[in-house]
Amino acid sequence: MIFMLSFMPYTSIGETPKEKADEIDQKVADLLSKMSLKDKVGEMTQLALDMISVGEPHNTKEPHQLDPAKLKKVFRDLRVGSIMNVSGHAYTREHWRDIMTNIQEIAMKEKGIPVLYGIDAIHGTNYTVDATLFPQQITLAASWNPSLAFSLGSITAYETRASCIPWTFSPVFDLGRDVRWSRLWETFGEDVFLVKKMGVSMVKGYQGDDLNNPYHVAACMKHFLGYSTPWTGKDRTPAYIPERQLKEYFVPTFQAAIDAGAATIMISSGEMNGIPVHANPKILKDLLRDEMGFEGLAVSDWEDILLLVSRHRVAKDHKEAIKMAVNAGIDMSMVPMNTEFPVLLKELVEEGEVPMERIDEAVSRILKLKFQLGLFENPFYNADKYPDFGSEKHATASFNTALECLTLLKNNDNILPLSKTGKVLVTGPTANSINALNGGWTGTWQGRNEQYNTKGKQTILEAIQAKLGKEQVTFVEGASELEAVNIQEAVEAAKKAEVAIVCLGEMPYTEKPGDRDDLYIPDAQRALVEAIVETGTPIVLVLAEGRPRLVSKFEEKVAGVLLAYLPGNEGGRAIAEVLFGDYNPNGKLPYTYPRFPHSILTYDHKGTDQIKTDFSYNAFNPQWEFGHGLSYTTFEYSDLNLSSKQLDAKGNLNVSVVVKNTGKMDGKEVVQLYITDKVATVTPSVKRLRGFEKVDLKAGESKTVEFSIRASNLAFVGIDNQWVTEEGEFEVNVGGLKGEFEY
């Protein structure tokens, strides 16, 4: 059956949001009533681009091209509703337009319903050549500036729509509370409050006020639920999370995204407490739908329904796995390299194993999103609507974002900023690599192929050379990520330099391939640092890394440490600006940087972790704590004032503090408000972040920063696994100043 239906755009002038929603609901109902079971199960199927491309999956022909026979099979015979991602590597905008033109024309001809195309646009439209690439999400978190998350979302949406794609599999709302995890850099860090603020801003940037807009896309919050805290620290291994911690830490970030209108959600690949999330109706129905109120589209992650058989072993075969997952609440299956899903799902419905009501529910959500995105009227928009794609304007936005993220962790004797007149050595495995600055999801899945790097972007070395002149800069690689290369040559160069800028860290990785057995900086990189230490030349470390690689074995021997995280295409320039004093660093850590691999605790640990034993050892002793970050100026906090010593359930308690820039350089400071519950029926954390604001202060300038505390800021999940706010005494801490109040 082909649905050659004529729909008027639903964004009529004067329509209220409710009228638009009602109109879409009616269109969905009308279309659903005309669809066969085959049409419906096809809509619930998402295939990879490989499945309609010339060649074999994972080995498609170059240059990439679509296969006409496969296109007809997929859309005529299988009635597939969604296609995803790339076949191997980034494409030009022109090729994306060709791909989408062919896909949508054949889909409309064969089944009368447009395709919903989704892609991993993670830190920009990273699968389109010459798109603007921003800092990765953990880097962005270090800015503590939600407006930058909104800007990233807006520009990425613009450039993704320019590539004819309306749906991004971003942002990540998982908490990055285990720094061993290989996907830490895709998170906004370890704190619930920070993740909510940054993530909601990114969702709003992606989606705007109206999905039927040529410059906005549907967001996809992921990965629901508990994915980011695997017991082993390694990707896609089991998580064990008690209900109290699940509700207090892992649910609220997604709830904030749902409340902000996030259109879609991706389900966790992992298993939690022994049950694969893809097969758990208590999570996907009772919690997500009934308690949290999510009404949008739930899509599986890559091949995860099939993995209920091969990895989790909770289903005997693919058919049983499909039954479990669809009945549990999966609306769309990211198959993505297997065409059995719609065939087997149709059989299950005909056999009465999957209710038709569940199918209609899922398909309604898919169709609704297609209408909301305006795909029936405009599967994609004219190329001339996007003059700012990959523009200098967008590159400047990425550059300014990177500047605010860079975090100065150490600055002994004010070694930084460096003089622009002295000779410097630049060395280390991340010094001359754009890939090391961008990380994964860049051109390719793993982000390691230099062929797809944007031309003209500067590495750390190139940016320093551009700032100082090549004659002042000596470069010696010294070491690769894992092996010594020419350390002795670096030593000889260091002897002739006034300072050694040693660039350490990680080369790109994504997901499971990024698993590591050791968090310490690799031995070859450590050997490079320690060899240069012996020369007496002062060392400034620049760390380009997706998670904290431990430096405690040699940190005390270096004078300065600048954490760059994964700052993106403009990161090299931004790092040079900070190192040589043209920008005052103001990033703050979004996670706790451990000192030792077996001492991994978050900043909001329990008070019992602070107790010193007879050996006088403090269990919480990180290298640098969450929220830490230095500046080239100094800030003084004074006049902490609480509007009342008593907070009641219906009121607000206002907290104000005066912050003054007491140095000689303009700078930005992140004012952080923490609250401590002194006594509670569940052991309280030593403190919890409950507010922050970034202020820009000229040298000598003062500003009053105000926060408002409500009873909900004091709540926690209690003994009965329900949210509760208990009476008692509380402490406020802002910039080291403390005040007390009662509830």
Side-chain angles (χ1 to χ4, degrees), residues 6-28 82 93 96-97 100-101 103-104 108 113-122 124-125 127-128 131-132 134 146-171 199-221 257-265 295-297 365-391 393-394 397:
S6 176
F7 294 108
M8 293 295 291
Y10 74 85
T11 53
S12 303
I13 295 175
E15 278 190 313
T16 67
K18 184 179 186 306
E19 288 172 334
K20 293 176 184 178
D22 290 345
E23 185 178 342
I24 289 177
D25 289 342
Q26 186 59 54
K27 288 178 178 180
V28 169
S82 183
R93 277 184 66 200
W96 273 120
R97 192 159 290 274
M100 297 306 298
T101 298
I103 286 176
Q104 297 292 13
M108 292 302 291
I113 300 175
V115 166
L116 176 62
Y117 206 105
I119 200 159
D120 284 296
I122 303 301
T125 308
Y127 281 146
T128 302
T132 305
F134 281 84
S147 67
L148 295 180
F150 180 87
S151 176
L152 184 155
S154 299
I155 291 173
T156 300
Y158 178 102
E159 297 196 357
T160 301
R161 278 280 196 169
S163 306
C164 305
I165 299 170
W167 184 20
T168 175
F169 301 135
S170 173
V200 165
S201 292
M202 186 179 285
V203 166
K204 291 180 177 178
Y206 281 143
Q207 296 193 168
D209 296 325
D210 188 353
L211 289 176
N212 187 4
N213 181 302
Y215 307 121
H216 290 290
V217 298
C220 184
M221 48 183 164
I258 291 169
D259 295 343
T264 71
I265 193 165
E295 297 179 352
L297 165 63
R365 291 169 180 157
I366 296 165
L367 295 177
K368 182 176 182 178
L369 182 58
K370 291 184 178 184
F371 280 115
Q372 288 174 323
L373 288 165
L375 299 183
F376 284 87
E377 297 83 32
N378 295 295
F380 48 85
Y381 296 88
N382 295 334
D384 59 10
K385 278 186 173 287
Y386 304 95
D388 286 329
F389 176 91
S391 64
K393 171 184 172 183
H394 287 181

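Not measured: the values here are computed from a predicted model. Starting from 1, each residue takes its place in the sequence as its number.
Panel note: side chain Thr101, backbone Arg97; a donor-acceptor pair is recorded below 3.5 Å. Between the side chain of Lys370 and the backbone N or O of Pro114, at least one donor-acceptor pair lies under 3.5 Å. Side-chain atoms of Tyr381 never come within 3.5 Å of backbone atoms of Tyr215 as a donor-acceptor pair (strictly under, hydrogens ignored). Here the side chain of Ser82 pairs a donor or acceptor atom with the backbone of Leu116 at under 3.5 angstrom. The backbone N or O of Arg93 sits nowhere less than 3.5 Å from a side-chain atom of Ser163 that would complete a donor-acceptor pair. Within the 3.5 Å criterion, the main-chain N or O of His216 finds no donor-acceptor partner in the side chain of Gln207.
Using bins of under 30°, 30° to 60° and over 60° for the plane-to-plane angle, the ring pair Tyr158/His394 lands in the perpendicular bin.
Thr156 is not listed as a side-chain neighbour of Met202, based on a closest heavy-atom distance of 4.5 Å or more.
Thr168 and Thr160 share no donor-acceptor pair across their side chains, judged by distance under 3.5 Å alone. For Glu159 and Thr132, the side-chain atoms include at least one donor-acceptor pair closer than 3.5 Å.
When all heavy atoms of Gly374 and Asn212 are compared, the pair lying nearest together is CA-OD1, 3.6 Å. The two residues Ala263 and Leu211 make their nearest non-hydrogen contact at CB-CD1, 4.1 Å. Ile24 and Lys368 make their closest contact through CG2-CG, 3.9 Å (heavy atoms, listed as atom of the first residue, atom of the second, distance). Residues Ala257 and Val200 approach most closely at N-CG2, 4.2 Å, considering heavy atoms. In terms of heavy-atom proximity, Phe389 sits nearest to Ala162 at CD1-CB, 3.9 Å. Minimum interatomic distance between Ile122 and Ser170 (heavy atoms only, all atoms of both residues): O-OG, 4.2 Å.
The ring pair (Phe, Tyr, Trp, His ring centres under 6.0 Å) with Tyr117 is formed by just one residue from the set Trp167, Trp96, Phe380; it is Trp96.
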